Protein chains: 2
Amino acid sequence: MPQVRKVEDDVLLARLAHTFKDVGYEGASLSAISEATGLKKSSLYHRFPRGKEQMAQEVLQQVADTLEAELFPVLAGAETPGRKMAAFVRVMDSVYAGGRESCLLNMLSPPRGTQGVCGEAIAGTFHRLRTALSQVAHQASAGDDEADLRAEEVLVALQGALVMARGIADPAVFERTLTRLPGIIDPNGGA
Amino acid sequence: MPQVRKVEDDVLLARLAHTFKDVGYEGASLSAISEATGLKKSSLYHRFPRGKEQMAQEVLQQVADTLEAELFPVLAGAETPGRKMAAFVRVMDSVYAGGRESCLLNMLSPPRGTQGVCGEAIAGTFHRLRTALSQVAHQASAGDDEADLRAEEVLVALQGALVMARGIADPAVFERTLTRLPGIIDPNGGA
DNA sequence: GTCTATAATATGATAGAC
DNA sequence: GTCTATCATATTATAGAC
């Protein structure tokens, strides 16, 4: 009888993501993952034959897919920079649960030197975000170099706010930081 | 004959810190630590009877001690805000090896909810840094609330730059961010 | 203070029943 | 597709020689 999927793929990935965000790659033992997902280890290997590394890869891929579907079309669209950044803030506030969850790009980051597949995915997502934000800054009348710097500054603030929110156990840092982001990309945007 | 210290305490702590910065708390197995420090596991337990948790605690304590000795006296001293922030940048550039090393406050951060001793130390160091930076901002004619926000913004940028530098394997992000920090605390400081 | 040796447990991973 | 049972290895931790 139990030939049916006990946990749907999207739910499974969401629970995996939550676990990785909480304890990181090394901290996420298969036992912990099993408990978090409700699937036994062997069932997890059925879904992810290459084990934990594949889980991390697919979770990162889903992050990339979500951004590609929900964020980048807006940032590349016809709206004003102000509206685009409002959407950016909305998406990030949702992705990071108001600062109560950490970033997978941080928590899944491999050791220095050991780049590997996850490292490539993480770097790629950072670059993709920076490019998209830079174009918004460019739209807000920044020169090419200045636009890149503004985009970088936004990502730096986003990541730092998440680290600090976790470090002092206070999501308010993240919320305060979010409100600053539109003004970084578009200083004349009536922030 | 080998009744003498093979590795001095400060060297031992430095090697431990390097390992934790690289692979995080969970990723730093005793085997890895043993190899990195040049001491066998049982020797490590002789130095740190409570094991890895104690190692992390002492490494964090040493970070706090270093800041207390090298940074906070300057920030609380009689110099101009500009000189204080120049010293801040110098210390941070050294502590994080120009962006090629991660922050222990990030890499040793315990899972959400599980605060524990390390969590307390990390939060304490964040608060201590924020307070000291806020006083510099206050000196640079910021109001009390504004000073706190500027201090927070500096720490957020610092942490985020380290995460991003690691994520895209490019320390330049960190160096660029460092140059912005004095202007955040003192916008009229001729940055 | 350091080492070799060892114990108890946890981990990543596989085999095979249903 | 999920499960129980199992394996080989790695992990934290301790005992005792030098």
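All values reported here derive from a predicted model rather than from experimental measurement. Below, chains carry the letters A, B, ... as their sequence lines are ordered, and counting in each starts from 1.
Rounded to the nearest 0.5 angstrom, A:Leu71 CG and A:Ser94 OG are separated by 11.0 Å.
Remark: B:Asp186 does not engage B:Arg150 in a salt bridge, criterion side-chain N to carboxylate O under 4.0 Å.
In this structure, the CG atom of A:Leu30 is 16 Å from the C1' atom of D:dT2, given to the nearest Å. Remark: P of D:dT14 and CZ of B:Arg50 are 12 Å apart, rounded to the nearest angstrom. D:dA10 atom P lies 18 Å from atom CD of B:Glu26, rounded to whole Å. Rounded to an integer number of Å, the gap from B:Lys52 NZ to C:dA10 P is 14 Å. Atom CZ of A:Phe48 is separated from atom P of C:dT14 by 15 Å (rounded to the nearest Å).
Here B:His46 reaches the OP1 or OP2 of C:dG1: one of its side-chain N or O atoms lies under 4.0 Å away. Note on A:Arg47: a side-chain N or O is less than 4.0 Å away from OP1 or OP2 of D:dT2.
Set against C:dT11, C:dG12, C:dC3, the side chain of A:Ser31 has C:dT11 as its closest nucleotide.
Non-hydrogen atoms lying under 4.0 Å from DNA chain D are contributed by A:Leu39, A:Lys40, A:Ser42, A:Ser43, all within residues 33-44 of chain A.
Under a cut-off of 6.0 angstrom, the local environment of CD in A:Glu68 is crowded, with over 12 non-hydrogen atoms contributed by other residues, nucleotides or ligands. Counting non-hydrogen atoms of neighbouring residues, nucleotides and ligands closer than 6.0 angstrom, the CG atom of B:Asp10 exceeds 12 such neighbours.
Nearest-nucleotide mapping onto DNA chain C: of A:Pro49 and A:Ala32, the residue sitting toward the 5' end is A:Ala32.
Placement of A:Val63 and A:Val154 within a single hydrophobic cluster is found when ILVMFWY residues are connected by side-chain heavy-atom separations under 4.5 Å, directly or transitively.
Note on ring orientation: taking the six-membered ring where Trp is involved, the planes of A:Tyr25 and A:Phe20 are parallel (angle under 30°, cut-offs 30° and 60°).
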